[in-house]
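Have a look at the structure below, then the notes.
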Number of protein chains: 2
Amino acid sequence: MREMGSSQPTAVELEILRILWELEPCPVREIHARLNDAKGTNYSTTVKMLSVMLTKGLVKRDENATPHVYRAAMTRQRAAKQFLSELIEKVYDGSAMSLVLQALASGKASKPEIEEARRLLDEMEDKS
Amino acid sequence: MREMGSSQPTAVELEILRILWELEPCPVREIHARLNDAKGTNYSTTVKMLSVMLTKGLVKRDENATPHVYRAAMTRQRAAKQFLSELIEKVYDGSAMSLVLQALASGKASKPEIEEARRLLDEMEDKS
DNA sequence: TCTGGTTAGCGAAGATCTTCGCTAACCGAT
DNA sequence: ATCGGTTAGCGAAGATCTTCGCTAACCAGA
């Protein structure tokens with residue numbers, strides 16, 4: 001059994017969400033074009049996945065438009081936050097910072113991004 | 001079909017890995033005690049999961065010891081890095097820094113951790 | 001109106017993940 | 001040696017996820 005209203009997107013679902021974050025609002029045809037390019041998905045499969053995701057509340061659709069257009073039900077930021085929380089909880093036992101350190105240590109970040117991070121660190125230090 | 005040697009741990013598998021990261025080397029009995037506390041898992045299930053994970057290469061075991069003892073095949077850091085890479089790739093389209101910023105913005109980090117992060121930022125800036 | 005292409009949906013099959021019943025091997029104590 | 005508890009493993013059932021065949025509704029152009 002599955003709890004209501006809190007399902008994490010599965011692999012394919014996430015793939016579709018990514019497409020939506022880029023293209024929404026977006027008809028099935030375009031979503032399918034992408035999926036098909038990526039891995040030869042049948043059109044029926046795309047439609048089905050969207051219907052499943054609609055049931056789960058992962059996407060919304062406007063049925064007034066023809067053809068129907070879909071949108072992600074949550075923003076990329078929100079989804080990322082959920083993933084991150086899960087990652088922190090599940091792997092780092094709740095220590096957000098050890099994750100950050102690892103990400104920083106992984107080494108790819110541009111100068112302006114580093115500046116931005118530094119500014120954030122300052123803010124955090126003030127608050128604590 | 002599934003590729004060899006690159007399988008991400010599933011939910012239960014991750015739960016077991018976490019136990020191992022804390023307790024390894026560790027016999028089934030202890031792993032099971034934890035799982036059972038957490039969600040009433042049958043002993044057979046624990047054994048089976050370990051055997052599956054052994055097949056997948058997610059854990060190693062020492063059969064000389066009696067009872068056999070298990071270890072995680074990868075460190076917590078390594079696993080975290082994989083998850084992180086996947087997260088960055090799948091949700092942030094490859095921008096590591098936007099994830100870092102979000103983690104920082106989430107707000108919980110101790111003073112020494114912040115110092116550590118600042119030092120890392122300095123290093124990165126030197127390199128780039 | 002008929003026809004062909006597009007759009008939408010159902011239900012079932014195929015994968016993968018998770019659980020456990022049942023059996024067997026093992027080992028220390030009687 | 002035998003018994004009873006612990007340890008190990010197989011195979012199949014139950015969940016969930018993913019795919020697609022088939023059918024129907026819709027709509028624009030002949």
Side-chain angles (χ1 to χ4, degrees), chain A residues 1-20 23 25-71 86 90, chain B residues 1-20 23 25-71 86 90:
Chain A
M1 214 192 314
R2 172 178 275 287
E3 280 162 50
M4 267 302 300
S6 68
S7 53
Q8 295 293 18
T10 64
V12 181
E13 287 167 355
L14 185 54
E15 218 170 332
I16 290 177
L17 283 179
R18 288 183 66 206
I19 294 170
L20 287 177
L23 302 179
C26 179
V28 179
R29 166 170 279 282
E30 289 189 35
I31 300 170
H32 173 243
R34 290 290 191 99
L35 281 184
N36 195 35
D37 280 0
K39 43 177 227 167
T41 305
N42 188 293
Y43 179 82
S44 299
T45 303
T46 304
V47 173
K48 177 62 162 189
M49 285 309 303
L50 284 168
S51 119
V52 167
M53 292 173 77
L54 190 62
T55 303
K56 289 188 182 174
L58 289 172
V59 299
K60 295 174 179 172
R61 88 174 156 199
D62 179 357
E63 306 194 2
N64 294 344
T66 21
H68 301 170
V69 292
Y70 287 80
R71 293 168 182 278
E86 198 184 329
K90 294 284 178 57
Chain B
M1 210 191 319
R2 171 177 278 288
E3 279 163 50
M4 267 303 300
S6 69
S7 53
Q8 294 294 29
T10 65
V12 181
E13 288 167 355
L14 184 53
E15 218 169 334
I16 291 177
L17 284 180
R18 288 183 66 208
I19 295 170
L20 288 177
L23 303 178
C26 178
V28 178
R29 167 170 279 282
E30 290 189 37
I31 299 170
H32 173 242
R34 292 291 191 97
L35 279 184
N36 196 32
D37 281 1
K39 43 177 225 167
T41 304
N42 188 293
Y43 179 82
S44 298
T45 303
T46 304
V47 174
K48 178 62 162 189
M49 284 309 304
L50 284 168
S51 118
V52 167
M53 292 173 77
L54 191 62
T55 303
K56 289 187 183 175
L58 289 172
V59 298
K60 295 173 180 172
R61 89 176 156 198
D62 179 357
E63 307 193 2
N64 294 344
T66 21
H68 302 170
V69 293
Y70 287 81
R71 294 169 181 278
E86 198 184 327
K90 294 284 178 58

Next on the checklist: If you define the side chain from C-beta out and look only at heavy atoms, does anything of B:Leu20 sit under 4.5 Å from B:Ile16?
Outcome noted: yes
Item to check | Heavy-atom side-chain proximity of A:Leu23 to A:Arg34 below 4.5 angstrom | outcome: yes
Contact under 4.0 Å: [X] side-chain N or O vs [N] OP1/OP2:
| X | N | value |
| --- | --- | --- |
| B:Ser44 | D:dG9 | no |
| A:Lys48 | C:dG11 | no |
| B:His68 | D:dA8 | yes |
| B:Lys39 | C:dT19 | yes |
| A:Arg61 | C:dG9 | yes |
| B:Thr45 | C:dT18 | no |

Let me have the donor-acceptor pairs involving side chains of residues 25-32 of chain A, under 3.5 Å, with sequence neighbours excluded, atom names and distances please.
| from | atom 1 | to | atom 2 | distance (Å) |
| --- | --- | --- | --- | --- |
| A:His32 | NE2 | A:Thr41 | O | 2.8 |
| A:His32 | NE2 | A:Tyr43 | N | 3.4 |

Item to check | Spacing of A:Arg18 atom CZ and A:Glu15 atom CD [to the nearest 0.5 Å] | outcome: 7.5 Å
Checklist outcome for this item: Distance col, row A:Leu58:CG vs A:Met49:CE, nearest 0.5 angstrom, shows 9.0 Å
Item to check | Earlier contact from the 5' end, DNA chain C, for A:Glu63 and B:Val12 | outcome: A:Glu63
Nearest-angstrom distance from the residue atom [atom1] of [X] to [atom2] of [N]:
| X | N | atom1 | atom2 | result |
| --- | --- | --- | --- | --- |
| A:Tyr70 | C:dT7 | OH | P | 12 Å |
| A:Leu35 | D:dT18 | CG | P | 12 Å |
| A:Ile31 | C:dA8 | CD1 | C1' | 13 Å |
| B:Met49 | C:dC17 | CE | P | 9 Å |
| A:Glu15 | D:dT19 | CD | C1' | 13 Å |
| A:Met53 | C:dA8 | CE | P | 16 Å |
| B:Glu30 | D:dT6 | CD | P | 15 Å |
| A:Ile16 | D:dT19 | CD1 | C1' | 12 Å |

From the set [options], return the single nucleotide nearest to any side-chain atom of [X].
| X | options | value |
| --- | --- | --- |
| B:Tyr43 | D:dT7, C:dG21, D:dG21 | D:dT7 |
| B:Thr10 | C:dC17, C:dT6, D:dC10 | C:dC17 |
| B:Arg29 | C:dA8, C:dG21, D:dT6 | D:dT6 |
| A:Lys56 | D:dC17, C:dT18, D:dG11 | D:dC17 |

Checklist entry - Toward the 5' end of DNA chain D, which comes first, B:Ala65 or A:Asn42, by nearest nucleotide? => result B:Ala65
Item to check | DNA chain D: 5'-proximal contact among A:Glu13 and B:Thr66 (nearest heavy atom) | outcome: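 The answer here is B:Thr66.
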Item to check | Sugar-phosphate, base or nothing in reach of A:Val28, heavy atoms under 4.0 Å | outcome: sugar-phosphate
Checklist entry - What pair of heavy atoms forms the shortest contact from A:Ala65 to A:Asp62, and how long is it? => result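 Between these two residues, the closest heavy atoms are N-OD1, 3.6 Å.
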